[in-house]
Amino acid sequence: HVQLVESGGGLVQAGGSLRLSCAASGGTFSSYCMGWFLQAPGKEREFVAAISWSGVNTYYTDSVKGRFTISRDNAKNAVYLQMNSLKPEDTAVYYCAADRSISAVVAKTAHWGQGTQVTVSS
């Protein structure tokens, strides 16, 4: 099955930007829909964004629309999350997810990476 490794997290000031990357291996990447989730301390894992296998269709939770952009490069087996205008409430561990359909990704019935920490200071 597919294995996922996230990178790109870090500490940034409010209003700044980060670009998260997720490298996939062990599966046919182009056949997977991909997603990003976040988990803040003491809270459940929440959906952030998803992208179809072709990259044509993207989906976002309301709180990140207009600030975050999900994209993928099937030739590089990678998915990205460009995060702009970051806010302190965006602070969380961000996880990459993969599954055969968008609905499966959103339902959290997916393969997960180990996560990357994003901290936004005020």
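Just the heavy atoms: all of them, side chains too, but no hydrogens, waters or symmetry mates, feed the values below. The model shown is predicted, which means the values in this text are computed figures rather than measured ones.
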With side chain to side chain contact (heavy atoms under 4.5 Å, CB included) as the criterion, how do Glu6 and Leu20 come out once you've worked through the C-alpha distance, each side chain's angles and the decisive distance to 0.1 Å?
CA-CA 7 Å; Glu6 301 95 333; Leu20 305 184; over 6 Å; no

Hey, could you give me the [atom1]/[atom2] distance between [X] and [Y], rounded to the nearest 0.5 Å?
X     : Y     : atom1 : atom2 : result
Cys22 : Arg72 : SG    : CZ    : 10.0 Å
Ser71 : Met34 : OG    : CE    : 11.5 Å
Ser30 : Trp53 : OG    : CH2   : 7.5 Å
Glu44 : Gln39 : CD    : CD    : 8.5 Å
Arg67 : Leu86 : CZ    : CG    : 6.5 Å

Taking all non-hydrogen atoms of both residues into account, name the closest pair between [X] and [Y] and its distance.
X      : Y      : result
Ser122 : Ala14  : CA-CB, 4.4 Å
Ala98  : Ala110 : O-CB, 3.2 Å
Val93  : Gly115 : CG1-CA, 3.8 Å
Phe29  : Val79  : CZ-N, 4.1 Å
Leu38  : Ala92  : CB-CB, 3.8 Å

Less than 4.0 angstrom from a charged side-chain N to a carboxylate O is my criterion; do Asp90 and Lys87 meet it?
no

Over 60° means perpendicular and under 30° means parallel, so tell me whether Phe68 and Tyr94 are parallel, tilted or perpendicular.
tilted

List the steps, then state whether side chain to side chain contact (heavy atoms under 4.5 Å, CB included) holds for Glu46 with Phe37.
CA-CA 5 Å; Glu46 300 176 2; Phe37 287 72; 5.7 Å; no

Given Gln117 and Thr91, is the side chain to side chain contact (heavy atoms under 4.5 Å, CB included) satisfied, shown in steps?
CA-CA 8 Å; Gln117 176 71 47; Thr91 295; 4.0 Å; yes

Consider only side-chain heavy atoms of I, L, V, M, F, W and Y, link residues closer than 4.5 Å, and tell whether Val118 and Tyr95 are in one cluster.
no

Check the hydrophobic clustering (I, L, V, M, F, W, Y; side-chain heavy atoms under 4.5 Å; chains of links allowed) and say if Trp112 and Leu4 are grouped together.
no

Apply the side chain to side chain contact (heavy atoms under 4.5 Å, CB included) test between Trp36 and each candidate in Leu81, Ile51, Val64, Thr61; give the one that qualifies.
Leu81

Checking side chain to side chain contact (heavy atoms under 4.5 Å, CB included) against Ser52, which of Val105, Asn57, Thr58 comes through?
Asn57

Could you tell me whether a side-chain N or O of Lys108 sits under 3.5 Å from a main-chain N or O of Arg45, the two making a donor and an acceptor?
yes

Given 3.5 Å as the limit, does a donor-acceptor pair link the side chain of Tyr60 with the main chain of Ile70, or not?
yes

Could you give me the CA-CA distance, side-chain angles and deciding distance for Tyr80 and Thr69, then say whether side chain to side chain contact (heavy atoms under 4.5 Å, CB included) is met?
CA-CA 8 Å; Tyr80 309 99; Thr69 302; over 6 Å; no

